[in-house]
2 protein chains.
Amino acid sequence: MGEISTGPTTKERILEDALTTFGTRGYDATSLDALAGQLGIRKQTILYHFSTKEDLLTAVVDRAALDLLATIEQALDSAGPESWERVEALVRRIFRLALVRPELLGLMREVSRPGSSMAERLAAQMEPLIRRGRIFLQREMAAGRFQKADANYVMLSAYSAVVGVATEVEVSRALGIEPTLRSMVERRKQILHFLNSALLENTTTSDS
Amino acid sequence: MGEISTGPTTKERILEDALTTFGTRGYDATSLDALAGQLGIRKQTILYHFSTKEDLLTAVVDRAALDLLATIEQALDSAGPESWERVEALVRRIFRLALVRPELLGLMREVSRPGSSMAERLAAQMEPLIRRGRIFLQREMAAGRFQKADANYVMLSAYSAVVGVATEVEVSRALGIEPTLRSMVERRKQILHFLNSALLENTTTSDS
DNA sequence: AGACTTCTCTACCATTTGGTCAGTGGGTGA
DNA sequence: TCACCCACTGACCAAATGGTAGAGAAGTCT
């Protein structure tokens, strides 16, 4: 495999571009021809690397899952051991992701359409992370550092809130909130506040 | 127009079915042939009533907006004058909608993809409602009945939370939350709690 | 050099897609 | 009865779609 200083592989480029396009325009709305066009290659080259379009999608989903996991892992590694601090680091990191690669979160939404077969696959890949989050929350709750609640619901709320930010640009606009950096920061502040009060209600808050 | 006891018009049936299918499987994933097949008619009949597929989509969006407006209007009309009571009635009504016609909220999500031309149209139709909501919130805030905050952000959070419920079934499942009635009630309770604390923080709460 | 592998392309193909056209039949008003 | 309109359909069509087959270029190993 001579990939020394050759820049990104064609396969890599296809994957990257497909992720972006699937995540923004959607899977069904993206033809292989269009994809190839953007990349300056022929459709057959795509089909050489990924034998069907659905195959490409699964590869894209796998990659997205990997990226997401890596991002989160990174956030948690760089955060201190304090419970709330870890939650905050996670949210901040994902907001950064939403700013820098919104298509990744868009893909999550695209793929988690009810009944989608990709949803299952994605879920399977995220399972370790989910379990880790659940265990973390439950431990903190048991130790009295977080308020007692159903960890699954807490995570669902957080997910829905965060993905909504990246994903509901048009709704924001309709509500008079332009997708500027400032508004993103504001949203992040709100979500952190929400999580803070959901988790710490009757404890010392670390906010403002 | 003699529509006496003839049951729903063909046009009506097309609209209804298209709304459901677009809202669940998505616009691009739905062919006119498939749509016609479900209805037991020929594709040409659809194109007779709606001259292009995009035309059908706009009609569907218009109808969805109308239904949504009607639902909300109804909730507000049946609610008392007390501020929090009105918010609660609204949320409850939309949750019922999410249960009974999830495809309607699914369509919202489908259509509000960033850059979608339908997003604009939908926004325009929802504008009066949005303004009404904003004015309501601002008035209540000014009167000290609600905590002071940016009304737009409050509405965005509420929207994102509620639509997420109807829409993120697969994510819920991945988190171990099956889409049962009980789980929906639980989610509703949480969202109401969230809104309550966002709006009433330092006031008498009406919750439990 | 020659065989082999890897990658990309040109040339096709069957099917599906959104859409047109020219009807057909049934009802309605003059 | 005749003209007219409405709702609907069968027969097509051009373009686009996902996918196949095979060849050529370039490198690698022997």
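As a basis for the values below, the full set of heavy atoms in this structure was taken, side chains included, without hydrogen atoms, waters or symmetry mates. Computed from a predicted structure; not experimentally measured. So you know, we letter chains A, B, ... as the sequences are listed, proteins then strands, and number each from 1.
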- request: Taking the six-membered ring of A:Y27 (Phe, Tyr or Trp), confirm whether the NZ or CZ of A:K53 is under 6.0 Å from its centre and within 45° of its axis.
  value: yes
query: Cation-pi between A:K11 and A:F50: NZ/CZ under 6.0 Å from ring centre and within 45° of the ring axis?
result: yes
Rounded distance (Å) that lies between atom [atom2] of [N] and atom [atom1] of [X]:
| X | N | atom1 | atom2 | result |
| --- | --- | --- | --- | --- |
| B:I14 | D:dC8 | CD1 | C1' | 10 Å |
| B:L32 | D:dC8 | CG | P | 16 Å |
| B:K53 | D:dA15 | NZ | C1' | 15 Å |
| A:F50 | D:dT20 | CZ | P | 16 Å |
| B:R42 | C:dT24 | CZ | C1' | 15 Å |
| B:L35 | C:dG19 | CG | P | 13 Å |
| A:I46 | D:dT20 | CD1 | P | 14 Å |
| B:K11 | D:dC6 | NZ | P | 12 Å |

message: Can a side-chain donor-acceptor contact be found between A:S157 and B:R187 if the only test is distance below 3.5 angstrom?
response: yes
message: Would you say A:S83 and A:E140 are linked by a side-chain donor-acceptor pair, where the criterion is simply a distance under 3.5 Å?
response: yes
message: Return whichever of A:D33 or A:Q44 has its heavy-atom-nearest nucleotide of DNA chain D closer to the 5' end.
response: A:D33
Phosphate OP1/OP2 of [N] contacted by [X] side-chain N/O (<4.0 Å):
| X | N | value |
| --- | --- | --- |
| B:T10 | D:dC8 | yes |
| A:Y48 | C:dC7 | yes |
| A:H49 | C:dT6 | no |
| A:S31 | D:dA16 | no |

- prompt: Between the base of C:dG18 and the side chain of B:K43, is there a donor-acceptor distance below 3.5 Å?
  reply: yes
message: Any carboxylate oxygen within less than 4.0 angstrom of a Lys/Arg side-chain nitrogen, looking at B:R113 and A:E110?
response: yes
- prompt: Is A:L47 touching bases, backbone alone, or none of the nucleic acid, heavy atoms closer than 4.0 Å?
  reply: base
